[in-house]
Structures are given as structure tokens and as C-alpha cells.
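Order of appearance sets the numbers: ligands from 1, and atoms from 1 within every ligand. Everything quoted here is computed from the prediction, not taken from an experiment.
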Amino acid sequence: MCGIMGYVGPQQAGPILIDGLRRLEYRGYDSSGIAVGNGTIRVQKAEGKIKNLEALLAEDPPTGSIGIGHTRWATHGAPTDANAHPHADPSGEFVVVHNGIIENFQDIKDELAALGAEFASETDSELLAHLVAREYDGDLAEAVRKTVALSQGAYAMVVMSTREPDTIIAVRKISPLVIGLGDGETFLASDIPAILHHTRDFLVIEDDELVIVTADGATIETISGEPVDREPIHIDWDAAQSEKGGYEHFMLKEINEQPDVITETLRGRLNADGTVGLEGLEFDDDYIAGLDRVWITACGTAYNAGLIGQEIFRRVLRLPANVEYAHELRDADPIIGPKELLIAISQSGETADTLAAARIAPDHGARMLAITNVVGSTLSRYADDILYTRAGPEISVASTKAYMAMLIAQYLLALRIGAARGTVDEAHARAVALGLHQLPRAVREVLSRESEVLAAAERIVDADDVYFIGRGLDYAIALEGSLKLKELSYLHSEAMPAGELKHGTLALITDGVPVIVLLTQRHVYNKTISAVQEVKARGGEILAVAYDTDTEIEKYSDTVMRIPDMNDLLAPVAAVVPLQLLAYHVARMRGHDIDQPRNLAKSVTVE
Ligand code: AGP
């Protein structure tokens, strides 16, 4: 996610903006810039890390006591100097920074271009500067209001202008914004850590609100212009806590960001009728209709995400699909033909094994589709087609929100493929679309039941071995739950298909051995319960993940972590959350470094 800074007051704005952007670096970015007003507005920006921007400023320091700044996480257009924010209209009198996505950017761009506008960047954000300039008629706040009315999407936008040299206008539509209230100076940021050392008194801006910021403070209005009376809050976090938004660890922050990540990954891509528009996919319906098979390749958690895609493609689309570990596929000399699609999944887009496996596609005349979280990553540059997840930077080594976004991306891809092949009818697509849109609320509900997970964590924190079992999609989730527990708590864990237990591993189940069972796939529920009974008969302990309406499991389970009822095909999105939290709490109870587990790296760029 991008970072935003703003300042107006008696001090020089430049150093304050840079300092604030540095304190937002943890959010991840690939370019940065500032604009400082002093009669005119000076925009200075650079690709890469903030040190590149600082080198520019050292040569030519800006002067002025009002300014805005930005760190960009690329979504539209690669990370370049030109695409970095801030963006100005051609006159240079209106300057904007923006965090989020303008869904109707192409329509706006076409309309502006038809009127002769020329653009300095590939970004959707630049269009906002053009619109504010066009709509300005003596009132900057009103021009911003009109611009917001013309642009669809979720974002935060901050504007300054030579026409009102002592004022900054900010708007929040989903992406966060906070105002810091100083003594004769006012600060603005996308997150509290950027300005907490200047002030501990904040105004939190809510969705669809506009703020008029001056050195004397901030006036909040609704986007339609109604005054809003809001009491400041006092924040007493320490510096370490503040980067994590008040959470103890990035991992817990990222687990709790998952409802918003689902919303972001769906945004502008999924219509109510189940049709999807996936920017970045270049292939056409004829290509899809001619597909014989889909291969999915990835590593670790991304591989576990691919298992969900495999099951959906097979069961729903009736399209042959197989997921392969990238480190295996790369040397397996697979038989992949031109009528087969290779999907490579990678949060970082830099995993060496996944890059190597992805690169075999052209050797076989096959297209390669990248599902990745990093715009401009190596994998995205190899790909014929790109489906970006929009999880924002994932800081914790253990992948959670990026995994969630990978699942959502595959559901969207399945709808796209199903529509083109006629294997998903409109009624089914509409039902899946409704279910997808309901997932953020379902995940929030699961997150609110953390106490159930804490009870389960207490039961396994001292175990030597923990087993995860499930069938079909539940087995895929079991694998992810087991990986999370291993990489965070260092407890030995193993996941297997529930039906496989009796073929050997049951020999290890004795008194008190914990077995975590997933029970969301109702078509195989009774068969999974048979495995549960096998465990109980040997004294094993059952901890279950089950629907709210499942009364059967109470007979067998010592602890149940509940999820709301939903379409079984979508259940992995909710069912993985208790397992993420379980791994987190067991690791916390065992006193481990949660965000940087031993021996692990966020991106395994070596083979
Ligand atoms: C997951 O929690 C791990 N950090 C690891 O398995 C990771 O998923 C794997 O290394 C793949 O990384 P990628 O998605 O960046 O390719």
C-alpha cells in the first residue's frame, strides 16, 4: 500500500515529509516523491528507495512550509520516476498524491484525451490532478468534491494548489488517512507511525469524508459537504507498536487485514452477475475454450493456495488441472502443450524455483499466467498474463493475507474461465459472486472468535506432534495450517488426506495426540467423521474447524473453532483463518520471533 504525508505550519515542509515517508517505509514501496509549496509548487520524485529522492533534494533543496509526500506501491504502471507521485496537472498549479485504485480510470483518461489532455505518466492517479484543475472554480474543496464524484474506486487523495497556498484538501474513500494536530501546525498521513513523534493527538478520517487542512487545524465534512464534528483521539503507542498499527506483530496485523484484502482483490473485477473483468489477462475466450489442461506451480504457502485452484478448476470447471511444486516441475521435463496454461503463483514474484518452473512454459509453446503480489516483479515480467493480488506489502515472513489474496484471485480466474468455456452458468456464477462479496464479513466474524483459537492453542502448545486432516479442499487447508504451525511454533506437524490416516499414520495416534480436523466439505463429511472416530478410538484429541450449524462434531471434539455457514467451495477463505491464528498464538506462547522465524526468508531467491 502507498504511504501519504502532508504538512502545513511554520516549519520547512521538506524534512518533515521525508521523515514521515521514511517512517512509512515498512509498508513497502517502489518509488517516492514530495511537493512543496512556496508561491509555486515544486515536485521532486524518484524511482526506488527514499535515498534516491533524498539525493535529488540534497542537490536542490525545496523551500516552503506546506507540502505533501508519497511512497508508491505500483498498481497501474511500473515503478518509474514519471509514475512516482506527486502528480501535477499540466499547469503545475494543482498537485495530487493518491493511495488506491481508480476503477474507471480508462473512461476518465479517454475523456480527458479527447479534450486534448496529455499525460506525463501511466498512472490512474495523474488523472485526478487533471480533473481537479478542470473542476476548479475558486474553491479547492469543491473541485476535489466534484473530482471524487467523477472517479470510482477505493482510495485516499490529497491535493494542494497554488490557488489556495495555505490549504491541503484530503479525501478518504476506504484507504486510511489520519490528521495529526500540532501547536500551530497540522500533519496528515496514511498511518499514525509517520507523525506520532510530532503529536499524539489525532483526528481519524472515516470513509467518504473530506478534510480541509490548514496550520490552525482541520475541518471535516462529509463528501457531500455536511459538517462533521469529531473528537480528537490521543494515541499512547510506543514507536515499535506504531508501525504495526497497534498490533504486537506484523503477522497479526496482516491476518486482521484480510477482510480488506479480499475487498481490494475483488474491487472493480467482479460484477454482481458473476462476470469478471481481469485487467492483465491478454488471452481471449477462444484460447480459454481450447484449453486442455491447467498447470499450477508454486512453493510453500503459494503451493497450498494452488491446491485450492486445482480443486476448483477440476470440480467446478471440469478442466483437468494439476498443481506441482516448482522445485520439482522445473526438472521434471513435463509434457506441457500449447493448449495448456501454466499458472505460476508467487507473492514476491522472486522465488527462484518458481521463476525457473515458470520459464519452461515458452519452451513448450504454452502461455504462462502469473498470480503475484508485486507489480513489476521478475515473475510478472516473464508472464504472458498477469493477475495481481492486491494484498499490499506483506512484511511478516509467514504468508497470510497474500495467501488469502491468491485464493480470491483463483476464484476470479475460475469465473473468467468458466464463463468462456460455458461450464459455469449465470445462476452459479451469480451465486459465487454473492458468496465472494460476503467473504470479508465472514472473515471478520471468524476474527472476532479468537477466544476459540486461544483455547485450542492452550491444548497443543506443549505437544510434540500435531496432525491436520481433511478431504478435498479441507486437505488443502490442512496443509496450509500445518505449514503455518511448523514455520512459526517450530512444532512438528503433518497434514494428510483424512482417508489416508488409516493407511499408516494412525500408528502414531496415541493418548492425547492432537489431530486438527477440517469439516467444511459437506459432501465428504461422514467419511471425515470416520477418520475422527479412528483418532478418538486411539485416545487422540480432536480439535475441529467446523460450520456454526455443525452439531455432530460436538460429540467427538474437545475444541471446535467455528466458521459461518457458506458455500463449501468458498470455505477455505474462512477456514484458514483460525489455523493462521492458532499458529500465531502457539508461537507467541512459546516465545518465538513471530515475524522473522528462524531459518526462513520472506522470499527464497536461491535454488
Ligand atoms: C509461507 O508462509 C512461507 N513464507 C513460504 O512458504 C512462501 O510461501 C514460499 O517461500 C513462496 O514464496 P512466494 O509466494 O513469494 O513465491
Distance only, no hydrogens: is a donor on one side chain within 3.5 Å (strictly under) of an acceptor on the other, for [X] and [Y]?
{"X": "Thr389", "Y": "Asn373", "answer": "yes"}
{"X": "Thr301", "Y": "Glu480", "answer": "yes"}
{"X": "Tyr584", "Y": "His249", "answer": "yes"}
{"X": "Glu350", "Y": "Thr378", "answer": "yes"}

Taken to the nearest 0.5 Å, the spacing of Asp260 CG from Arg390 CZ works out to 14.0 Å
Could you tell me which atoms of ligand 1, counted from 1 in the order shown, lie closer than 4.0 angstrom to a heavy atom of [X]?
{"X": "Gly300", "value": "6 (O)"}
{"X": "Ser399", "value": "1 (C), 2 (O)"}
{"X": "Ala302", "value": "8 (O), 14 (O)"}

Heavy-atom nearest neighbour in the protein, as seen from [atom], with distance rounded to 0.1 Å:
{"atom": "atom 1 (C) of ligand 1", "value": "Thr301 OG1, 3.0 Å"}
{"atom": "atom 15 (O) of ligand 1", "value": "Ser348 OG, 2.7 Å"}
{"atom": "atom 2 (O) of ligand 1", "value": "Glu487 OE2, 2.6 Å"}
{"atom": "atom 12 (O) of ligand 1", "value": "Thr351 OG1, 3.5 Å"}
{"atom": "atom 4 (N) of ligand 1", "value": "Val397 O, 2.7 Å"}
{"atom": "atom 9 (C) of ligand 1", "value": "Cys299 O, 3.8 Å"}
{"atom": "atom 14 (O) of ligand 1", "value": "Gln347 N, 2.7 Å"}
{"atom": "atom 10 (O) of ligand 1", "value": "Val604 CG2, 3.9 Å"}

For His85, the ring pair (Phe, Tyr, Trp, His ring centres under 6.0 Å) test, sequence neighbours excluded, returns His70, His87
**Message:** If we set the cut-off at 4.0 Å for heavy atoms, which region of Lys484 has an atom near ligand 1: side chain, backbone, both, or neither?
**Reply:**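 Lys484 to ligand 1: side-chain contact only, backbone stays beyond 4.0 Å.
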> Shortest non-hydrogen contact from Glu282 to Asp385?
Replying inline: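 That closest heavy-atom pairing would be N-OD1, 2.7 Å.
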Nearest heavy-atom approach of Ala498 to Thr528 is CB-CG2, 4.3 Å
* **Residue among Lys401, Gln258, His585 satisfying side-chain hydrogen bond (donor to acceptor under 3.5 Å, both in side chains) with Gln580** =>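 The passing option is Gln258.
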Proximity flag Ala398 to ligand 1, non-hydrogen atoms under 4.0 Å:
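Yes; Ala398 lies near enough to ligand 1 that a heavy-atom distance drops under 4.0 Å.
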